[in-house]
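Shown next, in structure tokens, is the structure this report addresses.
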Amino acid sequence: MLTLDSGTLLYVGSALGPGGVAARCRHHQRMATRPHWHLDYLRPHCDIIAFWVAYGDERLEHRWALALGEWPGARWPLARFGASDCRCPAHLIRLPEAPTAQSLAGILGVGRWLESIPAGRAPRQTAAQPSRSVRSARRATE
């Protein structure tokens, strides 16, 4: 059994496959019937409150994970969570309170805040434009 403190969890990841960031975020809005990504296993226990998304040709998730880890009061609740293929401490960061769009912009720079990803066809994205997102989730209190 695993116990996490209640609070705000941020997950940082890439979305380079078919459908890009819109498809990946829509995937994480649902409960996965066959979990694939680390976040799929955490999703039944938390609610997504927003997405911070960015498009471009530079992979930013590692820089973002490290920057979020420097946030006052931030902690890495699960070592290596979402970071099994890199050297980051984790891609899951716990913050003492939910960030605002303005505070994320100040720390992460590029990107925009979305409270949900609309259903339907994802915006077109070329292969030269990988995408990343930070999923902000609040652990459900029981």
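Since the structure is predicted, the reported quantities are computational estimates derived from the model, not experimental observations.
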From Leu39 CG over to Ile48 CD1, what is the distance, rounded to the nearest 0.5 angstrom?
-> 6.0 Å
Mark yes or no for whether Trp52, through its side chain, and Val110, through its backbone, hold a donor-acceptor pair below 3.5 Å.
-> yes
Test log, rule side chain to side chain contact (heavy atoms under 4.5 Å, CB included), inputs Leu78 and Leu42 | CA-CA 11 Å; Leu78 295 172; Leu42 183 59; 5.6 Å; no
Donor-acceptor contact present, side-chain His91 to main-chain Gly13, <3.5 Å = no
Ignoring hydrogens and angles, state whether a donor on the side chain of Arg59 or Ser14 is under 3.5 Å from an acceptor on the partner side chain.
-> yes
Distance from Asp47 atom CG to Leu9 atom CG, nearest 0.5 Å?
-> 11.0 Å
Output for pair (Arg75 CZ, Arg94 CZ), nearest 0.5 Å, gives 5.0 Å
Taking every non-hydrogen atom, the tightest pair across Val12 and Trp64 | CG1-CB, 3.9 Å
Just do the side chain to side chain contact (heavy atoms under 4.5 Å, CB included) check on Ile107 and Leu68 with the steps written out, would you?
-> CA-CA 7 Å; Ile107 240 179; Leu68 290 167; 4.0 Å; yes
Closest non-hydrogen atom pair between Trp76 and Gly69, with its separation = CZ2-CA, 3.5 Å
Approximate separation, where rounding is to 0.5 Å, of Leu66 CG and Glu61 CD | 11.0 Å
Partners passing side chain to side chain contact (heavy atoms under 4.5 Å, CB included) against Arg30 (at least two apart in sequence or in another chain) = Arg26, His27
Identify the two heavy atoms, one from Ala90 and one from Ala83, that lie closest to each other, and give their separation to 0.1 Å.
-> CA-CB, 3.9 Å
Name all residues meeting the salt bridge (charged side-chain N to carboxylate O under 4.0 Å, His left out) criterion together with Arg80; count only those two or more places apart in sequence or in a different chain, and write none if there are none.
-> none
To the nearest 0.5 Å, tell me how far Trp37 CH2 sits from Tyr11 OH.
-> 9.0 Å
Quick one: side chain to side chain contact (heavy atoms under 4.5 Å, CB included) partners of Ala74, sequence neighbours excluded?
-> Trp71, Ile93, Leu95
Interatomic distance, Phe81 atom CZ to Tyr41 atom OH [nearest 0.5 angstrom] | 10.0 Å
Please assess Leu114 against Arg112 for the test side chain to side chain contact (heavy atoms under 4.5 Å, CB included), listing each intermediate value before the final yes or no.
-> CA-CA 7 Å; Leu114 300 174; Arg112 66 182 173 143; 4.1 Å; yes
Heavy-atom closest pair, residues Gly73 and Pro96 = O-CD, 3.6 Å
